[in-house]
Colleague: 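Below is the structure I would like to discuss, written out as structure tokens.
Lettering follows sequence order; numbering is per chain, from 1. Hydrogens, waters and symmetry mates play no part in the numbers below; they use all other heavy atoms, side chains included. Keep in mind that what you see is a predicted model, and the values were worked out from it rather than measured.
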Protein chains: 2
Amino acid sequence: MPEPTDAAWLRTVAHEVRSFDRSSTAERVAELLRARVIEGDLPPGTRLSEEQLVEVLHVSRNTLREAFRLLTHEGLLVHRLHRGVFVPELDEDDLVDLYRLRRTIECDVVRRLEGLDAVRLRPLHDAVAAGEDAARRGDWGAAGTANMRFHQQLVALAGSRRIDETTARLLAELRLAFSAFAVPQRLHEPYVTRNRALLDLLVAGEVEQAAKELDVYLHDSEAELRAAHRDRLGKSS
Amino acid sequence: MPEPTDAAWLRTVAHEVRSFDRSSTAERVAELLRARVIEGDLPPGTRLSEEQLVEVLHVSRNTLREAFRLLTHEGLLVHRLHRGVFVPELDEDDLVDLYRLRRTIECDVVRRLEGLDAVRLRPLHDAVAAGEDAARRGDWGAAGTANMRFHQQLVALAGSRRIDETTARLLAELRLAFSAFAVPQRLHEPYVTRNRALLDLLVAGEVEQAAKELDVYLHDSEAELRAAHRDRLGKSS
DNA sequence: TCTTGAGGGATTGTTCAACAACTCCCTAGG
DNA sequence: CCTAGGGAGTTGTTGAACAATCCCTCAAGA
């Protein structure tokens, strides 16, 4: 039915989805959906209808399904046989699970660091600066993004492809948890400072000290998030 | 061309692929291919032709592609745009990478264990027993399988879904590396004993000691594998 | 001889349409 | 109030078609 009317802006979307290549269409669709999920535009529990998305995105069902599979393996969607894909509803157990693995990986990476120099720490420096800048502007969304980048770059220092991938999945799921729990953005505030402190320790080569600080840091973060979540549950009941 | 002749056993395969449901066709195809890849039936670098597999497996190209995606995200296949999927050729760097993450996760899990009892250790006990039994029979293939099960059950003690999944991926890739490097199966022999020793430490509740032993254990294993690999390179040149 | 570039065949990327299989909800009957 | 069954709607799978890309071959030119 929508044939001649919406051709205008739909062409635009279709073009956006189909152009700027060097990756497959499915990957571009996935990227588009990933932003929506992480941003919290789609509430947890939402079912993503194939029919509906095929219509809007102007891609075939097969391509869309491939995008679904990509996001499913990132933990950003869950797939139930014959029922479709849904935005996952993370609970407190998931949060504990995520932080458990996160502490394991991040602390271990930091503890084993050696041969650090200014060049290698540059990406970390940039992320911290971006966080501080966002905090000054009061843009807590950007501060959150900068924080994720900081941690991704932190583990990147290990130079391990598989650690990078695992961490990327972890952080993506964590962002989903953030928006799902509707945690007040101001909660990010103290971590801008703590990231700077962490970086200073690394510049000084105090890796053991940094690892310990990071462990406490992550425990604190987890505790705050759990508190926020329980708070939210209390309100809604 | 192969229309009436091979209908017999192909029907069998088709039936095996299509029956025993409770999972999708794609997942069953993936399972079938996973075994072939892990078992080393398909040499590294082999391209898996869509056309060919569609013919043999009697599934559609779309379904086969979904199976490919599954295995790609497990690291058991690599996908190159417009060129198809291949059995990955792991090199020494990959081996280092795999063991790096493996040590991080396994040792951390063991170190944090508490409240162990006979019931929780039962799956570990079974895996160790299976390994010893296989070793007595000289069945090193089975010993390898039992070893993988031991480590999977070991991390399962942490009770973390995401750690389980990450480990499963790791071990699958590692098995691929084993067959890819064509390491002599006898190399598994000493680890049957070491698994038993590790289990004994856990029964005694000596988690810190167990973690240290496991760290050495995994370093040794990595070193032997690297040596075997270099050996192999030396011969072929 | 070596390099370069233009076919051409083969394979993958993507779309489409149809049907089968399954889930969920609603209703009739107990 | 509870259960069985049927229908609507959604996903699962298939097969065919066409476009896009890669790779190999072969010929022309330096």
Side-chain angles (χ1 to χ4, degrees), chain A residues 1-3 6-7 10-11 13-33 42 45-73 77-89, chain B residues 1-3 7 10-11 13-33 42 45-73 77-88:
Chain A
M1 188 168 295
E3 255 299 316
D6 52 9
L10 278 184
R11 287 274 178 170
V13 173
H15 184 263
E16 181 188 339
V17 166
R18 206 160 291 145
S19 62
F20 249 136
D21 293 18
R22 221 56 223 164
S23 59
S24 73
T25 308
E27 281 173 49
R28 269 171 280 130
V29 171
E31 198 167 339
L32 202 151
L33 292 177
L42 306 166
T46 306
R47 185 173 67 86
L48 278 69
S49 161
E50 292 188 357
E51 194 179 26
Q52 197 174 319
L53 284 172
V54 159
E55 178 105 8
V56 174
L57 297 174
H58 279 57
V59 297
S60 79
R61 247 174 98 213
N62 288 317
T63 302
L64 179 62
R65 281 159 138 270
E66 234 165 63
F68 279 168
R69 216 162 263 279
L70 282 169
L71 295 174
T72 296
H73 282 283
L77 293 177
V78 293
H79 181 134
R80 273 169 256 191
L81 197 60
H82 291 293
R83 298 187 53 207
V85 299
F86 300 78
V87 179
E89 311 190 64
Chain B
M1 189 171 292
E3 253 301 311
L10 278 184
R11 287 273 178 169
V13 174
H15 183 262
E16 180 189 338
V17 166
R18 204 159 294 147
S19 62
F20 248 136
D21 295 17
R22 219 56 222 165
S23 59
S24 72
T25 308
E27 281 173 48
R28 269 171 279 130
V29 170
E31 199 166 340
L32 201 151
L33 292 177
L42 306 165
T46 306
R47 185 174 67 88
L48 277 67
S49 159
E50 292 187 358
E51 194 180 26
Q52 197 174 321
L53 284 172
V54 159
E55 179 105 9
V56 174
L57 297 174
H58 281 68
V59 297
S60 78
R61 240 176 104 214
N62 288 316
T63 302
L64 178 63
R65 281 162 137 270
E66 220 158 85
F68 280 169
R69 269 263 167 219
L70 282 169
L71 295 173
T72 297
H73 283 283
L77 292 178
V78 293
H79 183 160
R80 273 170 253 186
L81 199 60
H82 291 292
R83 297 189 52 209
V85 299
F86 299 78
V87 179

Colleague: First locate atom CD of A:Glu55, then atom CD of A:Glu50, and finally report the distance between them rounded to the nearest 0.5 Å.
Modeller: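 Between A:Glu55 CD and A:Glu50 CD, I get 13.5 Å after rounding to 0.5 Å.
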Colleague: Looking only at the side chain of A:Glu50 (C-beta and beyond, no hydrogens), which of the listed nucleotides D:dT11, D:dT13, C:dT12 gets closest?
Modeller: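 Among D:dT11, D:dT13, C:dT12, the one nearest the side chain of A:Glu50 is D:dT11.
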Colleague: Is B:Ser49 near enough to C:dT11 that one of its side-chain N or O atoms lies under 4.0 angstrom from OP1 or OP2?
Modeller: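 B:Ser49 to C:dT11 OP1/OP2: no side-chain N or O under 4.0 Å.
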Colleague: Run the numbers on B:Arg65 and A:Glu66 for salt bridge (charged side-chain N to carboxylate O under 4.0 Å, His left out), then give the verdict.
Modeller: CA-CA 9 Å; B:Arg65 281 162 137 270; A:Glu66 234 165 63; 3.6 Å; yes
Colleague: Rounded to the nearest angstrom, tell me the gap between atom CD in B:Glu55 and atom P in D:dT14.
Modeller: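 In whole Å, D:dT14 P and B:Glu55 CD are 14 Å from each other.
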Colleague: What heavy-atom pair brings A:Ala30 and A:Ala67 nearest, and what distance separates the two atoms?
Modeller: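 The answer is N-CB, 3.8 Å.
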Colleague: A:Glu51 CD to D:dG12 P: how many Å, rounded?
Modeller: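 Those two atoms, CD and P, are 14 Å apart.
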Colleague: Just the rounded figure in Å: distance from C1' of C:dG13 to CG of A:Leu64.
Modeller: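 From A:Leu64 CG to C:dG13 C1': 16 Å.
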Colleague: Rounded to whole Å, how long is the line connecting atom CD of A:Glu27 with atom P of C:dG13?
Modeller: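 The answer, rounded to whole Å, is 11 Å.
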Colleague: Measure NE2/B:His82 against C1'/C:dT12 and give the value in whole Å, please.
Modeller: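 Roughly 7 Å, once rounded to whole Å.
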Colleague: Verify the contact: side-chain N or O of B:Arg65 to OP1 or OP2 of C:dT12, cut-off strictly under 4.0 Å; return yes or no.
Modeller: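 No, outside the criterion.
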Colleague: Mind calculating the distance between CD (A:Glu66) and P (D:dG12) to the nearest angstrom?
Modeller: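 After rounding, the gap between these two atoms is 14 Å.
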Colleague: Given B:Leu64, which of B:Val85, B:Leu48, B:Val54 fulfils the side chain to side chain contact (heavy atoms under 4.5 Å, CB included) condition?
Modeller: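 Only one of B:Val85, B:Leu48, B:Val54 forms a side chain to side chain contact (heavy atoms under 4.5 Å, CB included) with B:Leu64, namely B:Val54.
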Colleague: If only atom types and distance count, is the side chain of B:Thr63 paired as donor or acceptor with the main-chain N or O of B:Val59 below 3.5 Å?
Modeller: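 Not at all, since once roles are kept as given, no pair shorter than 3.5 Å links the two residues.
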Colleague: Kindly give the atom pairs (protein nitrogen or oxygen, nucleotide nitrogen or oxygen) under 3.5 Å for nucleotides 15-17 of chain D.
Modeller:
{"from": "D:dG15", "atom 1": "O6", "to": "B:Asn62", "atom 2": "ND2", "distance (Å)": "2.7"}
{"from": "D:dA17", "atom 1": "N6", "to": "B:Arg61", "atom 2": "NH1", "distance (Å)": "3.2"}

Colleague: A:Leu81 CG to C:dA20 P: how many Å, rounded?
Modeller: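 Distance check: A:Leu81 CG to C:dA20 P gives 19 Å.
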Colleague: Quick one: is C:dG13 close enough that its OP1 or OP2 comes under 4.0 Å of any side-chain N or O from A:Thr25?
Modeller: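 Negative; the distance criterion is not met.
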Colleague: Would you indicate which nucleotide in D:dT11, C:dC24, C:dG13 comes nearest to any side-chain atom of A:Arg83?
Modeller: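 Looking only at heavy atoms from C-beta outward on A:Arg83, the closest nucleotide is C:dC24.
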Colleague: Kindly indicate whether the side chain of A:Val87, heavy atoms from C-beta on, has any atom under 4.5 Å from the side chain of A:Arg47.
Modeller: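 No. Closest side-chain heavy atoms not under 4.5 Å.
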Colleague: Taking only the side-chain heavy atoms of B:Arg47 (C-beta and beyond), determine which of D:dC22, C:dT11, D:dT10 contains the nearest atom.
Modeller: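 Closest nucleotide among those given: C:dT11.
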Colleague: Between the side chain of A:Thr72 and the main-chain N/O of A:Phe68, is any donor-acceptor distance below 3.5 Å?
Modeller: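 Looks like yes, one N/O pair under 3.5 Å.
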Colleague: Counting only side-chain nitrogens and oxygens, does B:His79 get under 4.0 Å of the OP1 or OP2 atom of C:dG13?
Modeller: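 True: B:His79 side-chain N/O within range (under 4.0 Å) of C:dG13 OP1/OP2.
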